[in-house]
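Data block below; observations after.
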Amino acid sequence: QCVVYGTTSGILPSGKPVSIREPLGKDIREAGRVPEMRAYRLIEACVQIDGRTIAAHDAALMDGLDFMAISVILNSDPD
């Protein structure tokens, strides 16, 4: 795992490279208040897998271990 300027990059359990930028206030507001959809919308706004943005509906279908790894980073306390 590598952290540079608010962006974390590494390898997901599936072996795919991932880049996750720290969510901005705008991202959090736009993600909404419904917890079930919020995680998917934050993934859509802040995550790239294999250099591609992930749509919210695709995030709902992603591998469970990949989703958990991304969720841990998105929900961690900023340093």
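Position 1 is the first residue of the sequence, and the numbers go up from there.
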- Note on the structure: To the nearest 0.5 Å, atom NZ of K16 lies from atom CG of D50 at 6.5 Å
- Heavy-atom pair with the smallest gap, counting every atom of F67 and A39: CZ-CB, 3.9 Å
- State whether the side chain of D63 and the backbone N or O of L65 hold a donor-acceptor pair below 3.5 Å, judged by distance alone. yes
- Only one of I49, V18, L61 passes side chain to side chain contact (heavy atoms under 4.5 Å, CB included) with I54, and that residue is I49
- Task: Report whether I11 and I20 are members of the same hydrophobic cluster (ILVMFWY, side-chain heavy atoms less than 4.5 Å apart, transitive linking).
- Result: no
- Item | CD on E30 to NZ on K26, rounded to 0.5 Å | 5.5 Å
- Is I43 close to I70 at the side-chain level, that is, under 4.5 Å between some pair of heavy atoms? yes
- Note, C46 side chain near D27 side chain (heavy atom, < 4.5 Å): yes
- Taking all atoms of both residues into account, what is the closest heavy-atom pair of E44 and A56, and its distance? OE2-N, 3.4 Å
- Is there a donor-acceptor pair under 3.5 Å between the side chain of N75 and the backbone N or O of S71? yes
- T7 vs E22, side chain to side chain contact (heavy atoms under 4.5 Å, CB included): CA-CA, chis, key distance, verdict: CA-CA 6 Å; T7 300; E22 190 174 319; over 6 Å; no
- For M37, does the CE atom sit with more than 12 other heavy atoms under 6.0 Å from it, leaving out its own atoms? yes
- Query: Looking at side-chain heavy atoms only, is the closest gap between S19 and V47 below 4.5 Å?
  - Reply: no
- Between L42 and M68, is there a shared hydrophobic cluster once you connect ILVMFWY residues whose side-chain heavy atoms come closer than 4.5 Å? no
